[in-house]
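These notes concern the structure reproduced below.
In this text the structure is predicted, and so the values were computed from the model without any measurement. The first residue in the sequence is number 1, and the count goes up from there. Whatever order the structure lists ligands and atoms in, that order sets their numbers, starting from 1.
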Amino acid sequence: MEFVTLNNGVRMPVLGYGVFQIPKEECEKCVLDAIKLGYRLIDTAQSYFNEEAVGNAIKKCRVPREELFITTKVWIDNYGFEKTRVSVLDSMKKLQTDYLDLVLLHQPFSDYYGSYRALEDLYKEGKIRSIGVSNFYPDRLSDMCAFNKVIPQVNQVETNPLNQQIRAQENMKKNNVQIEAWAPFGEGRNNLFTNPVLDQIGKKYQKSVARVILKWLIQRGIVALAKSTHIERMKENLEVFDFILSREDMNKIKTLDTNSSLFFSHQDPATVDYFVELIKKRRDHIGSDYEKRASK
Ligand SMILES: NC(=O)c1ccc[n+]([C@@H]2O[C@H](COP(=O)([O-])OP(=O)(O)OC[C@H]3O[C@@H](n4cnc5c(N)ncnc54)[C@H](OP(=O)(O)O)[C@@H]3O)[C@@H](O)[C@H]2O)c1
């Protein structure tokens, strides 16, 4: 495994295993398989509802805790100073660990300033080794860097050959924030796994399209998160350290950029509406964790 060094000196693996959309019943086994294969960075979130399963895997995997790099993300409904603190301590309990390597604010909406203050406190208390944000585009990220004591260590954003985040990465570099890619494969949208340019490059190196994509990200200095529930694909995605893409091939991939999301734009007000609806639906379904706790 290769590592990047964050702006506070913490070392983070350049390639991780993401558990978005892995049902909690499957998740423990998937994470155990991933760790066995050699993944050390595991990326979950409060909103994935599988933190307990990840925690069980952390407990059972027999890899020393300090060799793992565990990330979770604070869900918008847990934003605000007090709620964020309570929710992160709760995540730590679910993840069966007494510290977290990275905690991110999942979305750039609602009271993210209050939440960030709570993360700063937990960071200063040594309960979180690094803190950051996700889906913060240049305007909001620069704002966060300018008006907080602790500069975010990481910003996790959708990054794949069709949405390359060139400008966002430049802004992160300027602010000394590490970029991390979610949906490196665009979840397979727009036939990314059979894209002719990537396929042709893959044939040249005798590597799959998935490996070419992950290598392209790592060569750009981007931490990549790959998700698969299939053990053979988990293995395939990890084997990217034995070849280097030429400058010419990196430039060919550059031509695929559409500079737009395969999912939704965080700058579009309709996306805010979408999250408001999602919060409501989840509250109706399970109730807010914080409110349940407060009413006890
Ligand atoms: N911060 C955020 O807002 C945010 C949003 C989304 C995701 N994330 C994080 O980023 C991680 C990765 O993103 P993602 O899961 O959305 O999408 P992704 O990694 O782009 O794509 C996952 C899809 O690719 C397939 N796949 C994986 N490896 C493959 C291979 N070698 N060959 C063919 N197909 C392959 C998987 O199928 P199988 O599973 O069936 O193998 C799955 O359908 C997530 O798990 C999560 O941790 C964060």
Pair Q46-S91, side chain to side chain donor-acceptor pair (under 3.5 Å): steps then yes or no: CA-CA 7 Å; Q46 293 172 351; S91 287; 3.1 Å; yes
Between V157, L225, I213, which one has a non-hydrogen atom sitting closest to atom 12 (C) of ligand 1?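 Among V157, L225, I213, the closest heavy atom to atom 12 (C) of ligand 1 belongs to L225.
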What do the steps show when you test S47 against H106 for side chain to side chain contact (heavy atoms under 4.5 Å, CB included), and what is the final call? CA-CA 9 Å; S47 70; H106 207 149; 3.4 Å; yes
Does [X], backbone or side chain, put an N or O under 3.5 Å from an N or O of ligand 1?
X: F20; answer: yes
X: F185; answer: yes
X: Q21; answer: no
X: A183; answer: yes

For L104, run the side-chain contact (heavy atoms from CB on, under 4.5 Å) check against V133, V154, N135 and tell me which one passes.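 It is V154, the one option of V133, V154, N135 that forms the side-chain contact (heavy atoms from CB on, under 4.5 Å) with L104.
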Would you mind listing which atoms of ligand 1 come within a distance below 4.0 Å of any non-hydrogen atom of [X]?
X: D43; result: 9 (C), 46 (C), 47 (O)
X: Q156; result: 1 (N), 2 (C), 4 (C), 8 (N), 9 (C), 48 (C)
X: A210; result: 30 (C), 31 (N)
X: V19; result: 45 (O), 47 (O)

Under 4.0 angstrom from ligand 1, any heavy atom of [X]?
X: Y17; answer: no
X: K73; answer: yes
X: P184; answer: yes
X: G186; answer: yes

For [atom], what's the nearest protein heavy atom and its distance?
atom: atom 34 (N) of ligand 1; answer: F193 CZ, 3.3 Å
atom: atom 16 (O) of ligand 1; answer: E187 OE2, 2.5 Å
atom: atom 41 (O) of ligand 1; answer: S228 OG, 2.6 Å
atom: atom 31 (N) of ligand 1; answer: N237 OD1, 3.0 Å
atom: atom 29 (C) of ligand 1; answer: R233 CD, 3.6 Å
atom: atom 36 (C) of ligand 1; answer: K227 O, 3.5 Å

Judged by atom type as modelled, is there a donor-acceptor pair below 3.5 Å linking the side chain of D111 to the main-chain atoms of Y79?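 Here the side-chain-to-backbone pair does not exist.
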Might you confirm whether atom NZ of K124 has over 12 heavy atoms from other residues, nucleotides or ligands at distances under 6.0 Å? yes
Residue pairs passing the salt bridge (charged side-chain N to carboxylate O under 4.0 Å, His left out) test with at least one member in residues 59-73, sequence neighbours excluded, are E28-K60, D43-K73, R65-D101
R283 bridged to D77 by N-O distance under 4.0 Å: yes
Just checking F147 against Y113, ring centres under 6.0 Å apart?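 They do not qualify: ring centres at least 6.0 Å apart.
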